[in-house]
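Protein chains get the first letters and strands the later ones, always in sequence-line order, with residue 1 at the start of each. Keep in mind the model is a prediction, meaning the values are calculated, not measured.
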Protein chains: 2
Amino acid sequence: MSKHNGASAEPIRTAITNDDGIDLSIIELLFFAYRDFTSDPDHILAGYGFGRAHHRVLHFVNRMPGLTVAELLDVLQITKQSLARVLKQLIDTGHIVQLQGPRDRRQRELYPTAKGRELALALARPQSRRIHAALENAQPAERQGIESFLKAMVNPEWRVQIDNLPANTRGKSHGDE
Amino acid sequence: MSKHNGASAEPIRTAITNDDGIDLSIIELLFFAYRDFTSDPDHILAGYGFGRAHHRVLHFVNRMPGLTVAELLDVLQITKQSLARVLKQLIDTGHIVQLQGPRDRRQRELYPTAKGRELALALARPQSRRIHAALENAQPAERQGIESFLKAMVNPEWRVQIDNLPANTRGKSHGDE
DNA sequence: AATTTATGTCAGCCATGTTGACATATTTTG
DNA sequence: CAAAATATGTCAACATGGCTGACATAAATT
């Protein structure tokens, strides 16, 4: 009560540290690493008038060509109204095309164009370079440990999303045909 | 030209894969891992009417008690107008207090209150638990490999931000006194 | 024929970032 | 001491990208 303001909540002058039983090192490393990891594509996107939302859509359409709008909503976990805005822009700018679903003509299958493919690769390239540099003097086992850790950080019920991506299923198309 | 629309950009039906020379595995693992990593505190914050912006402010004030507004802006890399809104809320709700700087009375040193400390720990705890679970059967060397990788993902010029945090400097206050 | 489903769209709200301009108190400088 | 620079606060306007709710359309299913 030697303090001077009416509310007079006492300031705590000591820092939270690892001694509090919290793994602060990795919490903060993830924060800073992810921030810089996303800064690469963010810069490129700004030049197109696009944002991170466009990046995510473009990425998954390139990774799962022919996926439907509903499937994309599942992966991104956003509402269709949110998707609509960025998807419309990507279609208007010729990065993505919609084809009527062959089985169910209500569905719209989403495919990248050559332009969309190029942009997706241009966005992924600096991220890949950063990863490559960060793994420069890493043993194969170390890389394996990092992948295992990151996958274990994902909620178990969503790990299928990762397993279903074509890089991990050796060229299998995402669809059921 | 068997397609039907005027723009008629050809759909690409193959997926981008690791064969394109891109490290898609880790790119996507980072995306999914970070999404779920942040979902824990996001849920708690929603109950307070707070967002991720509040989390970041609260976290660094708890990690560097007594830092000034300008220092916080440096760490967060946002504008003071952006900070003003969330900081005001955190002060109004009694999570953070401002003290006039002792050396320079223009400065406002930011400190957590007991309430703010508790919330910061409550937000960090599930993240720490998730990390702990993900490292369950990891060797110490594996953990070291993960930390090295994450740090190497950060832009070199900003790695000092990590080194200056008290967990990594063994209790040293961030200030110069 | 009626219902359900997949998609699109309109309108409005909220959170969090931005820029620019200006006010105030305080410190530093000439 | 007066002037300039600095630290902070605040006002206004704007952009992005989420959200909800409501409703329209076409196609598939019942």
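With the nearest nucleotide of DNA chain D identified for both B:V69 and A:Q77, B:V69 has the one nearer the 5' end. Taking the nucleotide of DNA chain C with the nearest heavy atom to each of B:L83 and B:K80, the more 5' of the two is matched to B:L83.
For A:F149, there are no ring-ring contact (aromatic ring centres under 6.0 Å, His included) partners two or more places apart in sequence or in a different chain. Every residue two or more places apart in sequence or in another chain was checked for a ring-ring contact (aromatic ring centres under 6.0 Å, His included) with B:H59, and none qualifies. A search for side-chain hydrogen bond (donor to acceptor under 3.5 Å, both in side chains) contacts involving A:K80 returns nothing, not counting sequence neighbours. Under the side-chain hydrogen bond (donor to acceptor under 3.5 Å, both in side chains) criterion, A:Q144 pairs with A:S148, sequence neighbours left out. For the side-chain hydrogen bond (donor to acceptor under 3.5 Å, both in side chains) test, residues two or more places apart in sequence or in another chain that qualify with B:Q161 are A:R35. With sequence neighbours excluded, the residues satisfying salt bridge (charged side-chain N to carboxylate O under 4.0 Å, His left out) with A:E147 are A:R143. With sequence neighbours left out, A:D104 forms a side-chain hydrogen bond (donor to acceptor under 3.5 Å, both in side chains) with A:R106. Remark: B:Y34 engages A:Y34, B:F37 in a ring-ring contact (aromatic ring centres under 6.0 Å, His included) (not counting sequence neighbours).
Put simply, the side chain of B:L119 reaches to within 4.5 Å of the side chain of B:F50, judged on heavy atoms.
Atom CD in A:Q81 sits roughly 11 Å away from atom C1' in C:dT7 (whole-Å rounding). Between B:R85 atom CZ and C:dT19 atom P the separation is 13 Å, expressed in whole Å.
Contact check of residues 40-56 of chain A against DNA chain D (heavy atom, cut-off under 4.0 Å) returns A:G51, A:R52, A:A53, A:H54, A:R56.
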Summary of protein contacts for nucleotides 24-30 of chain C, nucleotide by nucleotide, where a base hit scores B, a sugar-phosphate-only hit scores S (4.0 Å, heavy atoms): -BBS---

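Residue pairs satisfying the side chain to side chain donor-acceptor pair (under 3.5 Å) criterion with at least one member in residues 113-123 of chain B, sequence neighbours excluded, are listed as follows: B:N62-B:R117.
For DNA chain D, the outermost nucleotides in 5' to 3' order that have an atom under 4.0 Å from a heavy atom of chain A are D:dG17 to D:dA28.
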